[in-house]
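Keep in mind the model is a prediction, meaning the values are calculated, not measured. The residues of the chain are indexed from 1 along the displayed sequence.
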Amino acid sequence: METTPLRAKILDTIIRKSTLKQKVFDNSFAAFNTLKETLLEMASEMDDELDGKLDRRVRLEYRDRGKFEAQLQVANDILIFQMHTDVFEFEDGHPIWQNPYVAADRENSYCGLVNIYNFLSDSFKFNRNADEGYLIGRIFINRERRYFVEGKQQTSMRAADFGRGELDRDALIPILESAIDFALNFDLLMPPYEENKRVTVDQFNTKMDNSKFVTGKRLGYDFDIEDI
């Protein structure tokens, strides 16, 4: 059977895109492993610096949660770093399309993704499964390990600077420190009275573990990533 022009185009697209996306995934996974190593080092160093300065129960603790997740507990906060296994492209209105590095080669825009979430440590300690966490940052990594960051207080490498640097340990430290700093200063607000004025008997009698009493740092309030 003769290969038609359309079939040849399809085969070429499969080869080109699968190769590209595999390269993006491999670089993202390598960068995520570097992130894990950096988190572990930072947790150990900062914990040593805090030794003797506060209650032993308040520590920094790193935990590897599997191939695509890592956790850092800092006092009453937990930061979870989660690598998505897919490769993404950006919507038409995203600032990335104004970047000269992307304009020179569209394939530079395909990125892997690491999400940074902030939760209360008590949400996990007491199995409050309905509690809310917040996406406070996102790291994007492309086929050349170039990166940029979106999120709260993340200013080290924005979309306009994409293509100028690789995501290595030195680049990760300010990203991680900014995430930790934001989480520590992102305080738990008392929910509005109207949000909690009615409670069912079931909430008290059948769920004594508090799992039905939803808690989140901005429960009942808007949470906007206003600085993206």
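Panel note: side chain Ser109, backbone Arg106; a donor-acceptor pair is recorded below 3.5 Å. At distances below 3.5 Å, not a single donor-acceptor pair connects side-chain atoms of Asn108 with backbone N or O atoms of Asn142. Proximity of a side-chain donor or acceptor of Asn185 to a complementary backbone N or O of Asp181 within less than 3.5 Å is detected. Proximity of a side-chain donor or acceptor of Ser178 to a complementary backbone N or O of Pro174 within less than 3.5 Å is detected.
Shown here are the side chain to side chain contact (heavy atoms under 4.5 Å, CB included) partners of Lys125, two or more places apart in sequence or in another chain: Asp122.
Separation of atoms CD (Gln22) and CG (Asn27) is listed at 10.5 Å; rounding is to 0.5 Å. Going from atom CG of Asn118 over to atom CG of Asp77 covers 4.5 Å, rounded to the nearest 0.5 Å. The distance from atom CZ of Arg65 to atom CZ of Phe81, rounded to the nearest 0.5 Å, is 12.0 Å. Distance check: Phe148 CZ to Ile175 CD1 gives 11.5 Å after rounding to the nearest 0.5 Å. Here the CD-CD distance, from Glu61 to Gln71, works out to 7.5 Å after rounding to the nearest 0.5 Å. Expressed to the nearest 0.5 Å, how far CD1 of Ile180 lies from CE of Met42 amounts to 4.0 Å.
Ring centroids of Phe162 and Phe140 are separated by 6.0 Å or more, keeping the two rings apart. For Tyr117 and Phe124, the ring centers sit 6.0 Å or farther from each other.
Taking the side chain as every heavy atom from C-beta outward, Val114 and Tyr147 never approach each other to under 4.5 Å. A heavy-atom distance below 4.5 Å is found between the side chains of Tyr62 and Lys36. Counting heavy atoms from C-beta on, the side chains of Thr38 and Ile173 come closer than 4.5 Å. A heavy-atom distance below 4.5 Å is found between the side chains of Arg143 and Asp105. Looking at heavy atoms from C-beta onward, Glu166 lies in side-chain contact with Arg146 at the 4.5 angstrom threshold.
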Practice item. Check the pair Val24, Ile141 against side chain to side chain contact (heavy atoms under 4.5 Å, CB included), reporting the backbone distance first and the verdict last. Key: CA-CA 7 Å; Val24 172; Ile141 310 108; over 6 Å; no
Review point. Are Thr34 and Arg145 close enough, and set up right, to give a side chain to side chain contact (heavy atoms under 4.5 Å, CB included), and what steps lead you there?
Key: CA-CA 12 Å; Thr34 303; Arg145 203 161 171 169; 3.1 Å; yes
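Residues Val149 and Trp97 share a hydrophobic cluster, clusters being chains of Ile/Leu/Val/Met/Phe/Trp/Tyr side chains in contact below 4.5 Å. Both Leu60 and Leu176 are assigned to one and the same hydrophobic cluster, defined by single-linkage of ILVMFWY side chains at heavy-atom distances under 4.5 Å. Note on Phe29 and Leu35: same hydrophobic cluster, where clusters join Ile, Leu, Val, Met, Phe, Trp and Tyr whose side-chain heavy atoms are under 4.5 Å apart, directly or indirectly. Leu20 and Phe25 are members of different hydrophobic clusters when ILVMFWY side chains are connected at heavy-atom separations under 4.5 Å. By the rule that hydrophobic residues join a cluster once side-chain heavy atoms approach within less than 4.5 Å of another member, Ile96 and Val87 end up as members of separate clusters.
Counting all heavy atoms, side chain and backbone alike, Ser121 lies closest to Ala75 at OG-O, 3.9 Å. Between Leu72 and Ala43, the shortest heavy-atom contact is CD1-CB, 3.7 Å. The two residues Phe90 and Cys111 have their closest heavy-atom pair at CE1-SG, 3.9 Å. Heavy atoms only, all atoms of each residue included: Lys17 and Tyr110 are closest at NZ-OH, 3.3 Å.
A salt bridge links Glu107 to Arg16: at least one charged side-chain nitrogen sits closer than 4.0 Å to a carboxylate oxygen.
Side chain to side chain, Glu37 and Asn33 fail the donor-acceptor criterion of an N or O pair below 3.5 Å.
Within 6.0 Å of atom NZ in Lys23, 12 or fewer heavy atoms from other residues, nucleotides or ligands are found, so the atom counts as exposed in its surroundings. Atom CZ of Arg63 is surrounded by 12 or fewer heavy atoms from other residues, nucleotides or ligands within 6.0 Å.
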